Amino acid sequence: MSEELKARQHVGKSYKKVDAATILSGRAAYTEDFVPPHALVIKVLRSPHPMAKILDINATAALKLPGVEAVFTYKDVPKTRFTLAGQSYPEPSAYDSLILDQYVRYVGDAVALIVAKDEATALQAMKVVRVTYDVMEPVLDMRTALDHPTVIHPEDDLHYNMPVGGDPKRNLACSYSRVVGDIEGELAKCDYVVEDTYFDQATLQTAMETFRTFCTLDQFGRLVCTSSTQIPFHVRRHIARALEIPATKVRVIKPRIGGGFGSKQTACTELYAAFVTWTLKKPAVLIYDRHEANNCSTSRHAREWKIRLGATKDGIIQVIDMVSISDAGAYGTHAFTTFTAGEHKSVPLYNKGKAVRYESNIVYTNHMAGGAFRGYGATEALWPLECAVTKLAKKMGVDEIELRLKNLINVGERSQVYAPDEVLESGLLKEAIAKAKTMARWDERPHSWQIDETHRGGLGVALAFQGSGVANVDTASVEIKLQDDGYYTLYTGSTDMGTGANTILMQMACEVLGCPIDHMTCYEADTDVVPFDPGSYASSTTYVTGTATKLAAEDLRAKLLKTFAMYLEVAEEDIDFDGVTARTKDGQKSMTTQEWAPKLMVSFGHEAQQLVGFATWGSHTSPPPFMVGIAEVSVDTETGQVTPLDYYAVVDCGTVVNPKLAKVQAEGGIVQGIGMALTEEINYSSTGRLETNNLMRYKIPTRLDMGTLHVDFVESHEPTGAFGVKSIGEVVINTSCPAIQGAILNACGAELTTLPMISEKVFQALMAKQ
């Protein structure tokens, strides 16, 4: 550990989350805990058809029921299209949505809003609303969506803010292609070529708290939206656009969130509640049940990849060719950005070659829309790439890690898909791999072995990149005030989703100011109170908001020293200040912030002032954290059942601000990845109905399904980030699927190319070998 790190008081230390006690005691308050009494209850009448046009809605019987306040249909809402994707403006996602539309595009799409005095009445009213549909042939296979006879978005007012390669009349939500070099020519020169088709499924974020929003009007007639969201400022913009009102008339408040994982980067419930309250001028609440949360939100995008890798006999990967088709679902929410983000977080791992292709058509289908999910495109792209690298190593007869090391990007180098002036500025990639190898005893034991008569064990490996915020887009502002009691308050628009983000930001601020962490509180995510922040997504909080926090603390500290110097009648350089007490270096004078702040705030013979530190910061780059994962599994050769035994992971996220919280982040991401690898999958019936709409059918892993996790870190220093930090939130989900695929392959020779790798698929692959 460097002397600089040893000298730090807070950064690099393991603090409990500042709200841990309230959570563990059950006192933590969530959105539903603040719903005003007598708020109207909203229920959403949903389509039973995957594709249809509404011809008529008869709500006469429903409106006669006592306690029914209103029934709203597509005829009642504004006709301004928008996107629900929580992205900085101008959003790349298509403006293809209305609050309610005459067309319904998946089973579960919204048809009408039933508003009543209580839930029972709303549900009763829902049963007597009569809807006449013109049912159309649905598009249920992304492979046949392009130029299908059914056009999912026939409207003429669908709008893009920028060219993203979309053609809705062909069911093409967007498209992307980057080709560098001569793919076919370079492949022809290669001594080894592998190719295969890989499929990664749609999966659910499965936050324990479902989507929920309530809205009220304040004393000035402004709309106040309280919601479980990752993106309060983006929600405010969406509401303003959809309701055709100024954003200054909208306030968004985010209480504690019970998990998000990207799902709450989409405004699933906010616009319905906002419309009802704005129209009726009464408080209203909408809470999704588990069925709606699974069926009527967003999922990870399903993708099918055709991939080719070519290498020369010296082991250099000369060609990476990745072509996919992607399922956008019914709406283009995050469709373009999830795919393009995957390029920057996969292809650059291996940069020694001469030709790269990365492209996809992202098509509309009559499935629930795809959206943001932890890993955001990198998870999907690294799955086929890392599987193909393992396949190439097998064909060449070389160690899987050695092949990766030979082709791995180094600090100071650029990638074929980087911008001309973009280089990898930091990273201990090889050191992370060496540590993981030692942890897993990779060089000391076989990678395939017999456990007992029917079980075989195997080791598999995968590498991963991610990013830290969105370069040249994400910009955060932070304000830190010295309050009149001499303590500090940090104001941020970022949203703590249970990750401990508030704790991290407070540690960084206290490191600069010098005060104990209990001298600071954090107030977050209220658009009327805190400065702008894009929200918690794209692994941006520690890197982007954290750097803004450090700068704001430095701004406040400078003001504190200047003012203390004036009061103590000495030069600034003659003061020692630890965040609580200012002392002259000769020891003759001292003053605490608690003594001084009340005098500073009230004018008794001097100019009163409140000292505030403020900073806004965004980055020209998105420095990638790095991870290596080694999976150890057992395969039952009689049933195909795969059991995780151990998972060895080493992460380089720059300086680790809070080791305990970082480790928990890594463990959580690995387990989510294990679920994607082995059990989780969204399934539709032949008629387009979601079958995995509850936690009995949609199988997330439990504590008994994950084996033993071993997590460690190497700490590089990222020069652009505060204290040398990079992100950790997303990279940790990205190695599980390909590492487990490689472990299964080594264990028993079964090569799986579709996710999830359930026992039936493994057994079929074993039978195909015989």
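Since this is a predicted model, take the numbers as computed values, not measurements. The analysis underlying the following values was restricted to heavy atoms, covering all of them including side chains, and did not include hydrogens, waters or symmetry mates. Count residues from 1 along the sequence.
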Side chains of I320 and L385: does their closest heavy-atom pair fall under 4.5 Å? yes

Can you tell me how far the OG atom of S346 sits from the CG atom of L382, to the nearest 0.5 Å? 5.5 Å

Enumerate the residue pairs fulfilling salt bridge (Lys or Arg N to Asp or Glu O under 4.0 Å) with a member in residues 650-679, sequence neighbours excluded, ordered by first and then second residue. D652-K726

Where does the angle between the aromatic ring planes of H710 and Y648 fall among parallel (under 30°), tilted (30 to 60°) and perpendicular (over 60°)? parallel

Determine, stepwise, if the pair S539 / Q466 fulfils side-chain hydrogen bond (donor to acceptor under 3.5 Å, both in side chains). CA-CA 8 Å; S539 298; Q466 193 67 42; 5.2 Å; no

Does the side chain of N351 come within less than 4.5 Å of Q416's, by heavy atoms? yes

Rounded to the nearest 0.5 Å, what's the gap from CD1 on I682 to OG on S299? Could you check? 4.0 Å

Once you round to the nearest 0.5 Å, how far does CZ of R357 lie from CG of D321? 4.0 Å

So which heavy atom on L752 is nearest to which on W383, and how close? O-CH2, 4.0 Å

K430 atom NZ, neighbour heavy-atom count above 12 within 6.0 Å: no

Determine yes or no for a side-chain-to-main-chain donor-acceptor pair under 3.5 angstrom, with N734 supplying the side chain and F465 the backbone. yes

Using modelled atom types only, decide if a donor and an acceptor are shared between the side chain of T333 and the backbone of G371 within a distance under 3.5 Å. no

N/O donor-acceptor pair under 3.5 Å between S736 side chain and I670 backbone: yes

Which heavy atom of I517 sits nearest a heavy atom of T503, and at what distance? CD1-O, 4.3 Å

Treating Q507 as the side-chain partner and K13 as the backbone partner, does any N or O pair qualify as donor plus acceptor under 3.5 Å? yes

Indicate the ring-plane relationship of H10 and Y15, choosing parallel, tilted or perpendicular according to the 30° and 60° boundaries. tilted

Please walk me through it: do E402 and K406 pass salt bridge (charged side-chain N to carboxylate O under 4.0 Å, His left out)? CA-CA 6 Å; E402 291 308 310; K406 184 170 286 191; over 6 Å; no

Does Y350 form a side-chain contact (heavy atoms from CB on, under 4.5 Å) with L403? I'd like the steps, not just the answer. CA-CA 10 Å; Y350 308 114; L403 179 63; over 6 Å; no

With a 3.5 Å cut-off and sequence neighbours excluded, list the donor-acceptor pairs that the side chains of residues 83-92 form with protein atoms.
| residue | atom | partner | partner atom | Å |
| --- | --- | --- | --- | --- |
| T83 | OG1 | A85 | N | 3.1 |
| Q87 | OE1 | S93 | OG | 2.8 |
| Q87 | NE2 | T337 | OG1 | 2.7 |
| Q87 | NE2 | Y376 | OH | 3.4 |
| E91 | OE1 | Y95 | OH | 2.5 |
| E91 | OE2 | R237 | NE | 3.1 |
| E91 | OE2 | R237 | NH2 | 2.8 |

Value rounded to 0.5 Å, distance of OH in Y198 from OG1 in T753: 7.0 Å

Heavy-atom side-chain contact between H334 and Q265 under 4.5 Å: yes

Minimum side-chain heavy-atom gap I733-F261 below 4.5 Å: no

For the student: nearest non-hydrogen atoms of I674 and M706, plus distance: CD1-O, 3.8 Å

What are the two closest non-hydrogen atoms of S415 and P348, and how far apart are they? OG-CA, 3.5 Å

Looking at Q318 and G310, would you say the former's side chain and the latter's main chain have a donor-acceptor pair under 3.5 Å? no

My understanding is that only residues two or more places apart in sequence, or in another chain, count here; which of them pass salt bridge (Lys or Arg N to Asp or Glu O under 4.0 Å) with D533? none

Grab the two heavy atoms, one from M508 and one from A722, that are nearest each other, plus how far apart they are. CE-CB, 3.7 Å

Under 3.5 Å, side chain of N407 to main-chain N/O of I317, donor-acceptor pair present? yes

Identify, with sequence neighbours excluded, every residue that meets side chain to side chain contact (heavy atoms under 4.5 Å, CB included) alongside Q201. F199, T203, M676, E681, L755, P756

Enumerate the salt bridge (Lys or Arg N to Asp or Glu O under 4.0 Å) contacts for residues 615-632, please, sequence neighbours excluded, ordered by first and then second residue. R445-E632

Sorted by chain and number, sequence neighbours left out, salt bridge (Lys or Arg N to Asp or Glu O under 4.0 Å) with E386 holds for R404

Any residue meeting salt bridge (Lys or Arg N to Asp or Glu O under 4.0 Å) with E511, in chain and number order, not counting sequence neighbours: none

Any salt bridge (Lys or Arg N to Asp or Glu O under 4.0 Å) pairs touching residues 338-355, not counting sequence neighbours? R178-E343, K352-E413

Any sub-3.5 Å donor-acceptor pair from T492's side-chain atoms to V478's backbone N or O? no

Return yes if some donor-acceptor pair links the side-chain N/O of E359 with the main-chain N/O of V179 below 3.5 Å, else return no. no

Plane angle bin for H234 and Y537 - parallel if under 30°, tilted between 30 and 60°, otherwise perpendicular: tilted

Does the side chain of S494 pick up a donor-acceptor pair with the side chain of T545 at under 3.5 Å? no

Working to the nearest 0.5 Å, report the span between CD1 of I630 and NE2 of H447. 8.0 Å

What's the shortest heavy-atom distance between I257 and T229, and which atoms? CD1-O, 2.9 Å

Check for a donor-acceptor pair, side chain of T475 on one end and backbone N or O of G618 on the other, with a separation under 3.5 Å. no

Contacts of E380 meeting salt bridge (Lys or Arg N to Asp or Glu O under 4.0 Å) (sequence neighbours excluded), chain-then-number -> R300, R303

Are the side chain of T495 and the backbone of Q230 linked by a donor-acceptor contact shorter than 3.5 Å? yes

Are any non-hydrogen side-chain atoms of L463 and V628 less than 4.5 angstrom apart? yes

Give me the one residue out of F233, F614, W617 that meets ring-ring contact (aromatic ring centres under 6.0 Å, His included) with F532. F233

Kindly assign one of parallel, tilted or perpendicular to the pair Y523 and Y491, based on the angle between their ring planes and the thresholds 30° and 60°. tilted

Rounded to the nearest 0.5 Å, how far apart are CG of L505 and CG of D496? 8.5 Å

pair L408-L349: side-chain heavy atoms closer than 4.5 Å: yes

Looking at residues at least two apart in the chain, or sitting in another chain, which of them share a side chain to side chain contact (heavy atoms under 4.5 Å, CB included) with A538? V470, D474

Within-4.5 Å side-chain heavy-atom neighbours: K264 and S228: yes

Checking T438 now: which residues fulfil side chain to side chain contact (heavy atoms under 4.5 Å, CB included) with it, not counting sequence neighbours? none

Within residues 618-629 or reaching into it, pairs that qualify as side chain to side chain donor-acceptor pair (under 3.5 Å) - sequence neighbours excluded: Y543-S619

Should C174 and F339 count as side-chain neighbours, where that means a heavy-atom distance under 4.5 Å? no

Determine, for E431 against K435, whether the closest basic-nitrogen to carboxylate-oxygen distance falls under 4.0 angstrom. no

